Number of protein chains: 2
Amino acid sequence: MPTSTRFVVAVHILTGLAVSDGKPMRSEDLAYSANTGAVVIRGLLSRLNDAGLTRSQLGAGGGALLAKPAEKIRLLDVYEAVEDTELFSTHRTPPCENCAVGGNILEAMQPVLTRARMALEAELAKTTVADIAADVARLGKFSIPLVW
Amino acid sequence: MPTSTRFVVAVHILTGLAVSDGKPMRSEDLAYSANTGAVVIRGLLSRLNDAGLTRSQLGAGGGALLAKPAEKIRLLDVYEAVEDTELFSTHRTPPCENCAVGGNILEAMQPVLTRARMALEAELAKTTVADIAADVARLGKFSIPLVW
DNA sequence: TTGTGTGTCATCATCACTATTACACACTCA
DNA sequence: TGAGTGTGTAATAGTGATGATGACACACAA
């Protein structure tokens, strides 16, 4: 089972905010770009707000803004902000306690699973939203800030 | 979203076969240890058979066996045999093609996501079923082969 | 004061996953 | 050779997470 779409969409949102560079973006505009509903975006923004990655400006002319420079937002920060579940699921019902294997398999596997998760997270920590934004600008042949 | 429970349960199965060391194990016995149904186990064994990790012996006294030494079975092999989905899900509906961000975000993110996946897989490649079996034996204070 | 946009709740449909029943087939053992 | 055992697979159902959607109170800007 994969991660939810939340991670990729959240990076999409933050990249949008990064390229617009200080101009508030409405959830509706972000929803249009991500091809989803505004409420979905607002739900993600709520998590990103809690994580201190974005902030919102209410009222007319308002919208979402980055709470800190895009260079300071690692993809790992985004991942942790929006993903709820453990990377590896274990048995739905715990294995047989009395069995030689069942009673110890989870403890035996735990170190490997932890190492694998940390390896993945270390990779996500190497890239920032600014890196993604720069790559999007390169691919789209425009420069930051972009006027929408 | 996490991986399915299939990965951990499949490792459980293979560890069981490894510690029983050549004695065929019935799907029902494996199901008891994993605390699930025999059909679930048979479904996993079917995938593991296809991947060349196990083989089955039909008829009375039959059951599942490792198709090669436990030292030669990496957790990565198991992972690939039983996990269907991509590690990272992208937008449910593709993002807006015409948008500066929407049209390029997936291409921009793809390298990072690939690196993260490969880092995870590299960790899973370092551990074998024999390693897990040895650890289970250590934790359970028994020696391999185990008589059930 | 009016209008805009956020934040959140509730509801719904969809999908993957696991559990379970059923049964045909292949093989072993007596 | 016949009986019994265990596998392999199909069909079905329940469950939980996810994403989509409508509604509405609240805060803020103009």
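Everything numeric here is computed off the predicted structure, so don't read it as measured data. Throughout, protein chains are lettered first and strands after them, A, B, ... in sequence-line order, and every chain is numbered starting at 1.
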Report yes if at least one side-chain N or O of [X] is closer than 4.0 Å to OP1 or OP2 of [N]; otherwise report no.
X	N	answer
A/Ser56	C/dG7	yes
B/Arg26	D/dG6	yes
B/Ser27	D/dT7	yes
A/Ser46	C/dT6	no
B/Thr85	C/dA16	no
B/Thr5	C/dT18	yes

Using whole Å, report how far [atom1] of [X] lies from [atom2] of [N].
X	N	atom1	atom2	value
A/Ile41	D/dG22	CD1	P	16 Å
A/Ile13	C/dG7	CD1	P	11 Å
B/Asp29	D/dG6	CG	P	8 Å
A/Tyr32	C/dG5	OH	P	17 Å
A/Arg55	C/dT6	CZ	P	14 Å
B/Leu44	C/dT18	CG	C1'	10 Å

Please encode protein proximity along nucleotides 22-30 of chain C as a string of B, S and -, counting only heavy-atom distances under 4.0 Å.
B---SBS--
Short N-O contact, A/Lys72 and A/Asp77, less than 4.0 angstrom:
no
Counting N and O atoms only, with roles assigned by atom type, does the side chain of [X] sit under 3.5 Å from a partner on the main chain of [Y], one being a donor and the other an acceptor?
X	Y	answer
A/Ser46	A/Arg42	no
B/Thr93	A/Asn35	yes
A/Ser20	A/Leu17	yes

If the condition is salt bridge (charged side-chain N to carboxylate O under 4.0 Å, His left out), which residues does B/Glu121 pass it with, not counting sequence neighbours?
B/Arg117
Of the nucleotides C/dC17, D/dG19, C/dG7, which one has an atom closest to the side chain of B/Arg6?
C/dC17
Once you apply a heavy-atom cut-off of 4.0 Å, does A/Gly63 come out as touching a base, just sugar-phosphate, or nothing?
sugar-phosphate
More 5' along DNA chain C: B/Ala38 or B/Arg92, using each one's nearest nucleotide?
B/Arg92
Going by atom type alone, with no hydrogens or angles, which donor-acceptor pairs under 3.5 Å involve a side-chain atom of residues 95-111 of chain B and a protein atom two or more places apart or on another chain?
residue, atom, partner, partner atom, Å
B/Asn104, ND2, B/Ala100, O, 2.9
B/Gln110, NE2, B/Thr114, OG1, 3.3

What heavy-atom pair brings A/Ser33 and A/His12 nearest, and what distance separates the two atoms?
OG-NE2, 2.8 Å
